[in-house]
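Below: the structure, in C-alpha cells.
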There are 2 protein chains.
Amino acid sequence: MKIVIADDHAMVRSGFSMILNFQDDIEVIGAAADGIEAYAMVAKRRPDILIMDLSMPPGESGLIATGKIKEDYPDTKILILTMHDDEEYLFHVLKNGASGYVLKSAPDEELLLAIRTIYEGGTYIHPKMATSLVREFIKKDKTASTEDLFELLSKRELEILPLIAKGYGNKEIAERLFISVKTVEAHKSKIMEKLNLKSRPELVEYALKKKLLDF
Amino acid sequence: MKIVIADDHAMVRSGFSMILNFQDDIEVIGAAADGIEAYAMVAKRRPDILIMDLSMPPGESGLIATGKIKEDYPDTKILILTMHDDEEYLFHVLKNGASGYVLKSAPDEELLLAIRTIYEGGTYIHPKMATSLVREFIKKDKTASTEDLFELLSKRELEILPLIAKGYGNKEIAERLFISVKTVEAHKSKIMEKLNLKSRPELVEYALKKKLLDF
DNA sequence: ATAGTCCCGCGGGAAATCCCTTGATTCCGC
DNA sequence: GCGGAATCAAGGGATTTCCCGCGGGACTAT
C-alpha cells in the first residue's frame, strides 16, 4: 500500500519512512511538511493512506487539512499520529474523517497495526483513548432507566406519552387509539400528575430522556 | 493488583493464571467457571479486576453477571475477554459497566496492557473494535448538517422552531420573545411552509434530527 | 430612485382543539 | 365487598389554528 507522511519535523518524516519502507507491503511515496503540502501531495500521488501529524503550525493545521482531504479524496484513509493524548483532539479528528489515532509514543508495532487496520477499512483508536469515546457513548445512550417508567405508568399511558411528546394532537391520538378525545385528555392529565410534570415542554423533555421518541 | 478469572474452560483459567502470575504486579486470587461463581468470588475476595469470558453457558451469562457485579461492587473493574469480535457484544458489555474488551486471539502483551490500563481507571477497547463505536459516535453526533438550516430559515424562525418542537405553546413563545401571539403564528406558518412540514409531529421530528432539542 | 422581495411584527374572527374538573364503568387484589 | 387504579367520557373556558389583511425596514436588481 502507498503511504504519504505529513509532519513538520524532517527527522520524523525520514524516521517513519525508514520504518515503513522496511515493511514488505508498505511503500512511502511522498512526504509533506504542512497541511497544504499534504493536500497537494495527496492530490498528486493518491496514496492509500496519509499519516498526518496534527500539530503542524506553519501552513495549515493538520485538523483542517484532514477535513479537506477527506472531502476531496475520500478513498485516502487518514491516520492521525500525534503526541497529544487529549480527548478533544480525538473527537474533532474523528468527525473530520480520520480513520485512526495513534500516539507518537506508541511502539512501532502499534503504528503498523494501525496502518494495516485502517487499510482494510477499519478504525484504529489507541485503546487508552477509547475511554472518552466510551464515556460519550454511554452518556448518549444510557440516559434512560426505563424501569421506573413501567412501574409508574399504565400500558395505555405508556402508549400515549410518546405520542404527545412527538407533537401529535389529542385528536390524532384519539383516532389512532380508537378512543375519545376526552379520554386522551384524561390520560394525559394522569401522566403529568404521576410524573410531576406540569407543562408540555417538561413532558417532551421527559420523553426525550427516556428515549421514547424514536422517529 | 488482585485479579479473578472467570472462564468455563479450566485450561483457559490455568493458562491465563500462569501468564498473569508471572507478572510482578499481578496476583491471581481466584477463579470461577460461570457468572454465578464469578459474582460469589468477587463478593468474597474483592479483586481489583475481574477478567470475564463472555460466553459461559451453564450458570449465568457473563453479560448479565457483569451488570450485577458492577452494580454491587463498582470498585472491581471488569475486563471482558472473548472470542467474539462482534459489535453487538461490545455495546452491551460497555453499557453493563465493563471497562475493557479484549479478544482471546490477542497477544499476551495486549491483555497485560489492557489490565494495566483499566487498573488505572482507563478503558481498553481492542482497536479494531473501535470501528463500530466510532461509527455510532459519529452517527449520533453528526446527524445535523445544520448548514441547510441557516440558509433556509431566518434568525427568528430558527429561534422559534425549537421552542415549538419542545412543546411550548404559542402564547408562551410569544411571552418569552416579547412579541405577539399572532407573530408567533405567522413565523410558525412560514417555517412549515419553508420546510415542507405539514404537521406538528413532522416539525418535532425535523427539529430532533437537526439536534435543535437540547434540554 | 423605484420596484420587487424577504423578514419581522401585528390584528380579526370563526372553527378547531386543548385543558381542567368531575363522574361513570370495569377489573383487580386484599 | 371494597378501596384503588385503569379506562373511558362530557361540559365549558382557554388556547391554538387557519383563513384573511396591514405596514415598516432592509436588501437587490433594474
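Labels below follow one simple rule: chain letters A, B, ... track the order of the sequence lines, proteins then strands, and each chain is numbered from 1. Every value quoted in this text rests on a predicted model; they were computed, and no experiment measured them. Values below: every heavy atom of this structure, side chains too, minus hydrogens, waters and symmetry copies.
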Check: protein-nucleotides 24-27 of chain C nitrogen or oxygen pairs below 3.5 Å:
none

Sugar-phosphate only, base, or nothing, as touched by Thr183(B) at under 4.0 Å among non-hydrogen atoms: base
Can you give the donor-acceptor pairs under 3.5 Å from side chains of residues 181-191 of chain B to other protein atoms, not counting sequence neighbours?
from, atom 1, to, atom 2, distance (Å)
Ser189(B), OG, Glu185(B), O, 3.1

Lys/Arg-Asp/Glu bridge criterion (N-O < 4.0 Å) met for [X], [Y]:
| X | Y | result |
| --- | --- | --- |
| Arg116(B) | Glu120(B) | no |
| Asp75(B) | Arg46(B) | no |
| Lys104(A) | Asp53(A) | yes |

Arg176(A) NZ/CZ over Tyr168(A) ring centroid, <6.0 Å and within 45° of normal: yes
Phosphate-side-chain proximity, His187(B) and dG9(C), N/O vs OP1/OP2 below 4.0 Å: yes
Any Leu81(A) side-chain heavy atom under 4.5 Å of Leu111(A) side chain: yes
Student check: side-chain heavy atoms of Ile3(B) and Ile29(B) closer than 4.5 Å: no
Passing candidate, side chain to side chain contact (heavy atoms under 4.5 Å, CB included) with Glu159(B), options Arg156(B), Lys155(B), Glu157(B): Arg156(B)
Whole-Å gap separating [atom2] ([N]) and [atom1] ([X]):
| X | N | atom1 | atom2 | result |
| --- | --- | --- | --- | --- |
| Lys155(B) | dG9(C) | NZ | C1' | 15 Å |
| Lys194(A) | dG4(D) | NZ | C1' | 11 Å |
| Lys190(B) | dC18(D) | NZ | P | 16 Å |
| Ile179(A) | dA10(D) | CD1 | C1' | 15 Å |

Footprint string (nucleotides 15-21 of chain C, 5' to 3'): B base within contact, S backbone only, - free, heavy atoms under 4.0 Å: --SBBB-
